[in-house]
Amino acid sequence: KAREDFMFVMAKEGTWINLPQLPGISFKTLAKNNKAGYVTFLLKMDAGAILPSHHHSHAEECYVIEGSITTRGRQLGPGDFLHAEEGSDHEPIRAEKESMALLVVAEADYDF
């Protein structure tokens, strides 16, 4: 069996998932690394949408692509990066305007 060493997800490919419990927020999974236990996904938030407080059982990384989000008293815009350490508690994340971010998180923390 041939091994596939590269996987591409083009901008118009993949499925955006809307979760009813998180109005104005959608996710698009780009890749899952089952061996290492993490998932890479895009997070889209409408202006005013809020991602509730949550606990990180593992580290989480967030890179803002577009828009503006606020968390822990800091506003992040395009090009800004946030690393949350394992065991940390995340305050709510609010989108000040329509926003998109790339997240790398433990699969155990986000099961969608």
Would you say that Met45 contacts Leu51 through its side chain, given a criterion of any heavy-atom pair below 4.5 Å between the two side chains? yes
With the side chain counted from C-beta on, respond yes when Leu30 and Leu102 share a heavy-atom pair under 4.5 Å apart, and no when they do not. yes
What I want to check is whether the side chains of [X] and [Y] have a donor and an acceptor closer together than 3.5 Å.
| X | Y | value |
| --- | --- | --- |
| Glu86 | Ser57 | no |
| Ser53 | His90 | no |
| His56 | His58 | no |
| Thr71 | Glu91 | no |

Full working for side chain to side chain contact (heavy atoms under 4.5 Å, CB included) between Ile93 and His54: CA-CA 10 Å; Ile93 300 170; His54 53 277; 4.3 Å; yes
Could you see if [X] belongs to whatever hydrophobic cluster contains [Y]? Use Ile, Leu, Val, Met, Phe, Trp, Tyr and a side-chain cutoff under 4.5 Å.
| X | Y | answer |
| --- | --- | --- |
| Leu22 | Val105 | yes |
| Leu103 | Ile25 | yes |
| Phe81 | Leu42 | yes |

Give a yes or no answer on whether the side chain of Asp46 reaches the backbone of Ala49 with a donor-acceptor pair at less than 3.5 Å. no
Could you tell me whether a side-chain N or O of Ser99 sits under 3.5 Å from a main-chain N or O of Ser68, the two making a donor and an acceptor? yes
Partners meeting ring pair (Phe, Tyr, Trp, His ring centres under 6.0 Å) with His83 (sequence neighbours left out): none
Does Glu61 have more than 12 heavy atoms from other residues, nucleotides or ligands lying within 6.0 Å of its CD? yes
All heavy atoms of Ser88 vs all of His55, minimum pair found to be O-ND1, 3.4 Å
Of all heavy-atom pairs between Glu107 and Asn34, which one has the smallest distance, and what is that distance? OE1-OD1, 3.5 Å
Distance from [X] atom [atom1] to [Y] atom [atom2], nearest 0.5 Å?
| X | Y | atom1 | atom2 | answer |
| --- | --- | --- | --- | --- |
| Lys44 | Ile65 | NZ | CD1 | 11.0 Å |
| Ser26 | Leu19 | OG | CG | 8.5 Å |
| Ile69 | Gln75 | CD1 | CD | 9.5 Å |

Donor-acceptor pairs under 3.5 angstrom involving side-chain atoms of residues 6-18: please list them, not counting sequence neighbours.
| from | atom 1 | to | atom 2 | distance (Å) |
| --- | --- | --- | --- | --- |
| Glu13 | OE1 | Met10 | N | 2.9 |

What do the steps show when you test Thr70 against Leu76 for side chain to side chain contact (heavy atoms under 4.5 Å, CB included), and what is the final call? CA-CA 6 Å; Thr70 300; Leu76 292 89; over 6 Å; no
Kindly determine whether Val64 and Glu66 satisfy side chain to side chain contact (heavy atoms under 4.5 Å, CB included), including the steps that lead there. CA-CA 6 Å; Val64 179; Glu66 60 186 40; over 6 Å; no
I would like to know whether Val39 and Asn33 meet side chain to side chain contact (heavy atoms under 4.5 Å, CB included); could you show each step before the answer? CA-CA 6 Å; Val39 61; Asn33 185 318; over 6 Å; no
Is the distance between the ring centroids of Phe27 and Phe41 under 6.0 Å? yes
